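Keep in mind the model is a prediction, meaning the values are calculated, not measured. Each chain gets a letter, A, B and so on, in the order the sequences are listed, and its residues count up from 1.
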Protein chains: 2
Amino acid sequence: MTGLPPEPASSPGPEPTPEAESPDRFAQARSAQSVALIEDYVELIGDLIAEQGEARITDIAQRLGVAHPTVTKAVARLKREGLANSRPYRGVFLTEAGAALAEKVRTRHRTLVSLLVALGVPSDTAELDAEGMEHHVSDVTLAAFEAYLAARD
Amino acid sequence: MTGLPPEPASSPGPEPTPEAESPDRFAQARSAQSVALIEDYVELIGDLIAEQGEARITDIAQRLGVAHPTVTKAVARLKREGLANSRPYRGVFLTEAGAALAEKVRTRHRTLVSLLVALGVPSDTAELDAEGMEHHVSDVTLAAFEAYLAARD
DNA sequence: CGGCGAATGTAGCCATGGCTACATCTTTTG
DNA sequence: CAAAAGATGTAGCCATGGCTACATTCGCCG
């Protein structure tokens with residue numbers, strides 16, 4: 001959906017985008033949507049490997065609530081981006097980069113949920129909302145969340 | 001991108017989706033992406049009307065950083081959903097429902113930014129992150145944010 | 001070790017959101 | 001008031017994420 005072939009969609013580093021001011025914030029929020037999927041997959045694959053020792057296409061599909069070909073496509077993309085690898089009929093594995101990303105995502109997710117709960121959000125709602133929000137939490141904001149949670153104790 | 005023709009994608013009402021438990025949270029987060037666009041458009045149109053008395057396709061396109069045909073399509077969708085109306089070569093206007101949604105979105109946005117700032121996030125980062133996060137903040141969570149902000153004073 | 005059921009892979013379709021190119025209508029302006 | 005400039009509309013293409021249908025391959029049993 002990004003439809004932005006000329007845009008390399010670089011890493012989540014804070015790129016101030018030197019010019020203009022309005023359009024970019026929307027553009028960024030929207031292109032992040034593409035990142036969201038990748039993050040979900042990587043995190044889930046990490047979870048499955050941790051839980052069951054392997055991540056099978058079918059399991060991923062079931063957990064995400066999508067059909068298996070959808071997962072196959074997504075995994076192909078993860079491989080393209082160097083986050084995972086797999087061999088036909090064997091499971092899916094994370095590369096070092098993938099594992100690192102998964103860990104980062106998982107941490108961020110936990111932090112966000114903790115924050116929401118700390119602010120009085122019921123934990124099930126916190127989980128639900130965090131699932132959508134987390135992909136848009138920048139490192140700076142995440143740090144602020146951690147600081148708040150740490151100070152609060 | 002939703003690709004869910006059989007899913008009417010009803011109004012933002014809390015539909016608990018009676019069965020299953022894992023897949024849905026992802027599905028919900030993802031289908032919310034479609035809502036995000038609508039919300040952005042409605043909010044922006046509201047802003048433009050407030051600022052300049054009218055919302056022109058070109059202005060919307062420029063603010064969102066997309067080409068004008070993209071906006072034309074989106075506006076067609078808003079009209080389909082009863083959130084806006086327009087006549088060729090005249091501007092775009094919000095229906096009552098559209099204006100209500102715009103107001104809700106704007107309020108939520110402000111609340112989220114305030115919260116982030118209150119937690120120590122720099123205001124420019126808060127604005128940027130909020131743009132992406134806001135569409136995933138449920139009413140329950142929003143209420144918690146408001147309560148926190150109110151109590152904090 | 002032959003089969004059968006489950007898991008994967010592949011092909012091909014749909015919808016959406018973006019874009020470019022080109023046609024038209026409006027609005028300025030000389 | 002006609003022409004140029006600017007704003008919209010329309011057509012048609014691309015990529016992505018989903019899905020269904022059909023073809024293979026694996027693995028477990030009998």
Would you kindly give the [atom1]-to-[atom2] distance between [X] and [N], to the nearest whole Å?
X	N	atom1	atom2	value
B:Lys79	D:dG9	NZ	P	8 Å
A:Gln62	D:dC19	CD	P	14 Å
A:Gln28	C:dG18	CD	P	15 Å
A:Glu81	D:dA15	CD	C1'	14 Å
B:Lys73	D:dG9	NZ	C1'	13 Å
A:Leu37	C:dG17	CG	C1'	15 Å

For nucleotides 6-9 of chain C, give me every protein contact, N/O to N/O, under 3.5 Å, one pair per line with atom names.
from, atom 1, to, atom 2, distance (Å)
C:dA7, OP1, A:Arg56, NH2, 3.0
C:dT8, OP1, A:Ile57, N, 3.3
C:dT8, OP2, A:Thr58, N, 2.7
C:dT8, OP2, A:Thr58, OG1, 2.3
C:dT8, O2, A:Tyr89, OH, 3.3
C:dG9, O6, A:His68, NE2, 3.4

Could you list who else is in A:Val113's hydrophobic cluster, with ILVMFWY side chains joined at under 4.5 Å, directly or through other members?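 Answer for A:Val113: A:Val117.
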
Does A:Thr70 make a side-chain N or O approach to OP1 or OP2 of D:dG17 shorter than 4.0 Å?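 Indeed not, no polar side-chain atom of A:Thr70 lies that close.
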
B:Arg77-B:Thr72 side chain donor-acceptor pair, cut-off 3.5 Å: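 On atom types as modelled, these side chains do not qualify, holding no pair under 3.5 Å.
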
So which pairs with a foot in residues 105-115 of chain B pass side-chain hydrogen bond (donor to acceptor under 3.5 Å, both in side chains), sequence neighbours left out?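 Every side-chain hydrogen bond (donor to acceptor under 3.5 Å, both in side chains) pair that includes a residue of residues 105-115 of chain B, provided the two are not neighbours, is B:Glu39-B:Arg108, B:Asp47-B:Arg106, B:Glu103-B:Arg106, B:Glu103-B:Thr107, B:His109-B:Glu127, B:His109-B:Glu134.
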
Okay, side chain of B:Ser86, backbone of B:Gly91: is any donor-acceptor separation there less than 3.5 Å?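 Absent.
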
If we ignore hydrogens and angles and just use 3.5 Å, is the side chain of B:Asp129 paired with the main-chain N or O of A:Ser138 as donor and acceptor?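 Yes, B:Asp129 side chain to A:Ser138 backbone: donor-acceptor pair under 3.5 Å.
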
So, for B:His136 and A:His136, is the gap between ring centers shorter than 6.0 Å?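 Aromatic pair counts; centres sit under 6.0 Å.
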
Quick check on DNA chain C: between B:Ala67 and B:Arg80, whose nearest nucleotide comes earlier from the 5' end?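 Nearest nucleotide further toward 5': that of B:Arg80.
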
